[in-house]
A.B. asks: 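Provided herewith is a single structure, encoded as structure tokens, for subsequent inquiry.
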Amino acid sequence: MSARLWAKVALCLALAGAGCAQRAPASIRVVDAIARVAPGGRMGAVYMKITMGTSEGDRLVAVESAFAQGIEMHETIQSGDVASMVARPEGFEISSGETLELRPGGKHLMMFGVTERAGGSLPLVLRFARAGTLNVEARVVGFASMP
Amino acid sequence: MSRSSIAACRRLGAVSFSCAALALSLSGCEGPRFHGTQLDAAAEAPEIEAADMNGRAFRLSEHRGSVVLVTFGYTSCPDVCPMTLARLKGLRERLGREAERLSIVFVSVDPERDTAERLQSYLSAFDPSFKGLRVERRALSRLLASYRASATIRPEERARRDTSGGLQYNIDHTSGYFVIDKAGVLRLRIGPDASLEDIQSDVGRLLREEA
């Protein structure tokens, strides 16, 4: 494991530790988290549903993983037959009581430089503007699996 | 109503029914409509000529007798292209033995990053029979124009790099499918949102046509 990867693992462990970061309340619920990783781990995508059960809305502002060099928030926009992938560095707003669906062909997370974990799970740290961090595990599915 | 007017109505009814039946049978001669957009010009599909990902020469015009489905994309695309290719994998599985006369061609719109090795590794994750083509930029522009397709990198994307310094730009590109029949005619344009059932119906119909 490279020094950079160890640093990321350490960072994530630190973020997960109660004393180092505000933990998101249990009322933020994440289900159906899946990750598709391209051969060689050059890049991949993550999809999930995030339900904001808090009294106030919140914003997903960053996502990290010890097993990805970077994760960006993106949105695929279809204009006629042309598909565009637009970076959303501002993150995704989720109103109280609403569910944000990260799905193929819509809002999603793009990963690059992924350590391959076929058939396993990919630990992710979701960072919210108000609620702090939330650790989730995305199930790694085959790159060619049907969405 | 008098007995004679009832008889007249019955005759009229019989004539109307016959006309309706004739209309139905005539429309039946044309067969059901395709789900995808039928292209007006029944002309030969624009030639596609390139080296495939295995270094072999590919020439579309040499695929007469097969239905060829062409899609444009790039291997750094994490969302739309894998979705498209996963559906095409599903299409081949659904078609079963009929798929033996179907060629699926993925034309890279990113020749700068998509090497033959990358295309090979990306496409073989879906189906080893998929053909990945790398066309040099200038020829690619001509090819895209001939299919009325596009692939553009937004100016703000051009210099985007990932944390390891690699180019990380995204490409806005025509998605969906172009379908060429066994005679080499570009027959259908199927949109990216078409259901797998509709794609199977359209491609299956072309596969069952005589060459």
Side-chain angles (χ1 to χ4, degrees), chain A residues 2 4-5 7-8 11 34-47 62 64-65 68-89 102-116 118 138 140-147, chain B residues 37 72-91 93 113 117-127 130 147-154 156-157 160-178 189-193 196:
Chain A
S2 69
R4 180 183 287 216
L5 196 53
K8 287 214 160 209
L11 172 69
I34 60 163
R36 280 201 310 210
V37 181
R42 273 192 307 116
M43 51 86 195
V46 178
Y47 308 106
E64 293 155 10
S65 173
Q69 284 182 5
I71 301 180
E72 295 182 351
M73 287 171 278
H74 283 193
E75 183 171 8
T76 296
I77 295 173
Q78 198 77 40
S79 306
D81 285 341
V82 176
S84 307
M85 199 163 66
V86 180
R88 298 292 190 207
L102 303 179
R103 59 174 180 82
K107 291 173 179 166
H108 60 275
L109 306 176
M110 178 176 179
M111 306 183 285
F112 45 89
V114 188
T115 305
E116 279 192 277
V140 178
V141 298
F143 188 56
S145 62
M146 193 76 79
Chain B
T37 304
F72 296 96
Y74 64 111
T75 74
S76 302
C77 166
D79 186 48
V80 173
C81 303
M83 208 160 53
T84 300
L85 292 168
R87 296 173 97 204
L88 293 176
K89 174 178 180 262
L91 172 67
E93 287 165 0
R113 288 183 296 181
E117 293 75 24
R118 270 196 180 188
L119 281 165
Q120 167 77 46
S121 135
Y122 190 84
L123 292 175
S124 60
F126 294 91
D127 189 319
F130 289 178
Y147 278 82
R148 297 185 181 179
S150 67
T152 52
I153 306 171
R154 275 166 281 136
E156 69 271 22
E157 285 280 316
R160 256 163 60 85
R161 289 181 182 275
D162 61 29
T163 51
S164 62
L167 281 170
Q168 196 51 51
Y169 57 81
N170 296 308
I171 302 177
D172 300 348
H173 64 91
T174 298
S175 53
Y177 319 89
F178 295 84
R189 175 78 180 88
I190 300 178
D193 298 328
L196 190 50

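First the proteins, then the strands, lettered A, B, ... as listed; each starts at 1. Any value given below was found using the heavy atoms of this structure, including those in side chains, with hydrogens, waters and symmetry copies removed.
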A.B. asks: Under 4.5 Å, counting heavy-atom pairs only, tell me which of B:Asp193, B:Thr152, B:Thr174 racks up the most with chain A.
C.D. replies: B:Thr174

A.B. asks: Can you tell me which portion of A:Met85 sits under 4.5 Å from chain B's heavy atoms? Options are side chain, backbone, both or neither.
C.D. replies: both

A.B. asks: Do A:His74 and A:Leu109 come within less than 4.5 Å of each other through their side chains, counting heavy atoms only?
C.D. replies: no

A.B. asks: I need the B:Asp172 CG to B:Arg154 CZ distance, nearest 0.5 Å.
C.D. replies: 4.0 Å

A.B. asks: Donor-acceptor pair, A:Arg88 side chain versus A:Glu75 backbone, under 3.5 Å?
C.D. replies: no

A.B. asks: For chain B, which candidate among A:Gln78, A:Met111, A:Arg42, A:Met110 shows the most heavy-atom pairs at distances under 4.5 Å?
C.D. replies: A:Arg42

A.B. asks: Say whether, by atom type as modelled, one donor and one acceptor occur between the side chain of B:Arg113 and the main chain of B:Tyr169 under 3.5 angstrom.
C.D. replies: yes

A.B. asks: Excluding sequence neighbours, so at least two apart, what forms salt bridge (charged side-chain N to carboxylate O under 4.0 Å, His left out) with B:Arg148?
C.D. replies: none

A.B. asks: Side chain, backbone, both or neither: which part of B:Ser175 has an atom under 4.5 Å from a heavy atom of chain A?
C.D. replies: both

A.B. asks: Against chain A, label B:Ile171 side chain, backbone, both or neither, depending on which of its atoms sit under 4.5 Å from a heavy atom there.
C.D. replies: backbone

